[in-house]
Protein chains: 2
Amino acid sequence: MSRGELARQQSTHLALAELKAACVNCNLREICLPAGLSNEELAQIDNLVNVRRKVKRGEALYRAGEVFDAIYAVRSGFFKSCVTYEDGRDQVTGFSMGGEILGMDGIGHGIHNCDAIALEDSEVCSIPYVRLEELAREVSGLQRHFHKMMSREIVRESGVMMLLGVMRAEERIAAFLLNISQRLNARGYSPLEFNLRMTREEIGSYLGLKLETVSRAFSKFHNDGLIEVEQKFVRIIDVDGLKQVYAHHVN
Amino acid sequence: MSRGELARQQSTHLALAELKAACVNCNLREICLPAGLSNEELAQIDNLVNVRRKVKRGEALYRAGEVFDAIYAVRSGFFKSCVTYEDGRDQVTGFSMGGEILGMDGIGHGIHNCDAIALEDSEVCSIPYVRLEELAREVSGLQRHFHKMMSREIVRESGVMMLLGVMRAEERIAAFLLNISQRLNARGYSPLEFNLRMTREEIGSYLGLKLETVSRAFSKFHNDGLIEVEQKFVRIIDVDGLKQVYAHHVN
DNA sequence: GGGTGCATTTGATCCACATCAAAACACACT
DNA sequence: AGTGTGTTTTGATGTGGATCAAATGCACCC
């Protein structure tokens, strides 16, 4: 598949998603907040997410410091989350794609802790937090699943801590590519070829590396026959080889 | 206050805590799971935490891979959480002291994601998760507070990611010391002198540094008149100086 | 179609922290 | 007090990734 075809396939997929109205019909329901709910329960929560919101590329869904009142399910598009430090240093703390939940960091203090910025034109389902609380008290499947999503966010972050704390540059980048690949796969896209939505600098920020280091690692993987890279387009040639990069470390 | 007196004061404090039975009487209730509940609500959740458990220094409260069925509130003592990687590399992902909740990482997949190891003889309140779920549906204050605790864990971890991703060694260690100091303060201990419960290696693992680097930073802070260090004992001399170490970076 | 601005690549050099090594120290046990 | 074990300190050296610099490529826009 060419780069152009791939881009077309991805956007068609997203366009279809936008036509549908509610969780019941959403093709992301199996990986989103309603995952694991019965059809009855699903119907109950459907009016929970009645508000949709489009966010254009480069715009913020929310920003650190804003009052928190809703969490968001990504319906289409792609987001980065990033925190800015008092002294201006900032870091990307995560990337979110369809079916993933954004904003759970705001619950703790009622204030968003990070910015959520769309990396392409995106759409989200807005889920008012007080209504989610209420409904979680009635629909135990929803309560349980919501807790799972928060817990998995904790686990995801400790995975990133591991990455930042103990892995070397190439391992981080191999792990990153495999992670993106696996998430695209879970959403029905090709796990072997895709267009990155973020810049080298954003990848670097997420992985605790400089953009030059990211670029060099991509080039090295390319030369080693593990991947093909051409700007934002990536094709994974040798999945196992990539896995070995971060399994087979110095020892 | 001498090192000996300080140790005695801390353990007396803990001994008193152990005499009391329930959340209603617990001196940690303001920072633990029941924080913010009314007296009525507090009474309702009291039988939730009926099971106590002692964990001796070096023993595990739980280990990665074990089935998750309860979260734990630290009643006395000190824990580290650490994850071990397939290839044997591991990393400390957090330290927990009185009033803090352990085990929320297990909710997502029903399996604990990390080891929780006592760094001194400790005691925890065991909170069966299914009962917590039930009660959270009835006591909305509990539900809300539980969500807040999970969310704050997410925020805490993104703080660590920032630390690992963008800070230099001395900044990390200054931030670490100030964080410990502030948490001790919130629990009624002196924020300016305390005994670390963990080794240099464990601090290093948490901060993504080698133990020698931690030791060198401690020595440097000592020489710069910011702190006094003698093995595990730390006295903070110049809080503002310490804050400047990580506020005043290269620019 | 050519210009402007941002993203990416690649090379050369530097430095913060890791690594290696050894000594000093603390604590538990006998 | 003496011995063993694990922790901490300190020094000397090495290196992975940062930094600095410059060229190239791509997208957008007039």
Side-chain angles (χ1 to χ4, degrees), chain A residues 3-4 7 56-58 80 89 91-92 117 119-121 163-174 176 195-224 227-234 245-246 249-251, chain B residues 3-4 7 56-58 80 89 91-92 117 119-121 163-174 176 195-224 227-234 245-246 249-251:
Chain A
R3 289 171 56 184
K56 285 215 159 307
R57 174 182 173 152
K80 69 171 176 181
R89 287 181 286 189
Q91 186 178 31
V92 174
I117 312 286
L119 295 185
E120 59 182 356
D121 290 358
L163 200 124
L164 293 172
V166 311
M167 286 179 147
R168 33 197 34 269
E170 286 175 15
E171 295 179 288
R172 297 181 201 193
I173 291 162
F176 170 77
N195 285 299
L196 295 172
R197 306 304 188 185
M198 71 296 280
T199 66
R200 303 286 188 267
E201 185 166 23
E202 286 160 340
I203 296 172
S205 173
Y206 179 60
L207 298 176
L209 301 169
K210 292 291 150 183
L211 67 97
E212 294 95 329
T213 306
V214 176
S215 177
R216 274 184 247 269
F218 278 6
S219 300
K220 176 157 192 300
F221 291 168
H222 196 148
N223 291 335
D224 293 353
I227 63 174
E228 281 173 23
V229 221
E230 206 182 315
Q231 300 291 125
K232 298 258 201 287
F233 173 78
V234 174
V245 169
Y246 81 104
H249 68 108
V250 283
N251 244 354
Chain B
R3 288 170 58 185
K56 285 212 160 306
R57 175 182 172 150
K80 68 171 175 182
R89 287 181 284 189
Q91 186 179 32
V92 174
I117 311 285
L119 294 183
E120 61 182 353
D121 292 357
L163 200 124
L164 293 171
V166 311
M167 288 179 146
R168 33 196 38 266
E170 284 174 17
E171 294 177 289
R172 296 181 201 194
I173 290 161
F176 170 78
N195 285 299
L196 296 171
R197 305 306 187 183
M198 71 296 282
T199 66
R200 301 288 188 265
E201 185 167 22
E202 285 160 340
I203 297 171
S205 172
Y206 180 60
L207 298 176
L209 302 169
K210 292 291 150 182
L211 66 97
E212 294 96 327
T213 306
V214 176
S215 178
R216 275 183 246 268
F218 277 6
S219 299
K220 176 156 192 302
F221 291 168
H222 195 147
N223 292 335
D224 293 353
I227 63 174
E228 281 173 23
V229 220
E230 206 182 315
Q231 300 290 125
K232 298 257 199 293
F233 173 79
V234 173
V245 170
Y246 82 104
H249 69 108
V250 284
N251 245 357

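Proteins get letters first, then strands, A, B, ... in listed order; numbering begins at 1 in each.
As a whole-Å value, the separation of A:M198 CE from C:dA7 P is 14 Å. One interatomic measurement links the two molecules: CD of B:E201 to C1' of D:dT5, which rounds to 15 Å at whole-angstrom precision. Here D:dG6 presents its C1' atom at 11 Å from CZ of B:R57, a figure rounded to the nearest Å. Remark: C1' of D:dG17 and CG of B:L164 are 16 Å apart, rounded to the nearest angstrom. For the pair B:L207 CG and C:dA16 P, the interatomic distance rounds to 19 Å; values are reported in whole Å. What separates CZ of A:F218 from C1' of C:dT10 is a distance of 16 Å, to the nearest Å. Protein atom CD of A:E202 is 9 Å distant from nucleotide atom P of C:dT8, rounded to whole Å. As rounded to whole Å, 12 Å separates atom P of C:dC17 from atom CG of B:L163.
With C:dA16, D:dG16, C:dT8 as the choices, the nucleotide that has an atom nearest any side-chain atom of A:L211 turns out to be C:dT8. When distances run from any side-chain atom of A:R168 to the nucleotides D:dT9, C:dT10, D:dG17, the shortest one goes to D:dG17.
Among the protein residues, B:S215 comes within range of the nucleic acid bases, having at least one heavy atom under 4.0 Å from a base atom. A:L209 comes within contact range of the sugar-phosphate backbone alone, with a heavy-atom separation under 4.0 Å but no base atom that close. Residue B:G208 is classed as a sugar-phosphate contact, given heavy-atom separations below 4.0 Å to backbone atoms only.
Taken to the nearest 0.5 Å, the CG atom of B:L209 stands 12.0 Å off from the OG atom of B:S215.
Here B:R200 does not reach the OP1 or OP2 of D:dT7: none of its side-chain N or O atoms lies under 4.0 Å away. Within the 4.0 Å cut-off from OP1 or OP2 of C:dA18, at least one side-chain nitrogen or oxygen of B:T213 is found. In terms of phosphate contacts, A:K232 brings no side-chain nitrogen or oxygen within less than 4.0 Å of OP1 or OP2 of C:dA7.
The closest donor-acceptor contact from the side chain of B:R197 to the backbone of B:L119 lies at 3.5 Å or more, if one exists at all.
Of the residues near DNA chain D, A:R172 and A:E212, the one whose nearest nucleotide (by heavy atom distance) lies more toward the 5' end is A:R172.
Around atom CD of A:E212, more than 12 heavy atoms belonging to other residues, nucleotides or ligands sit under 6.0 Å away.
Residue B:F218 forms a side chain to side chain contact (heavy atoms under 4.5 Å, CB included) with just one option from B:N223, B:V229, B:T213, and that option is B:V229.
Considering only heavy atoms from C-beta on, B:R89 comes within 4.5 Å of A:M167 through its side chain.
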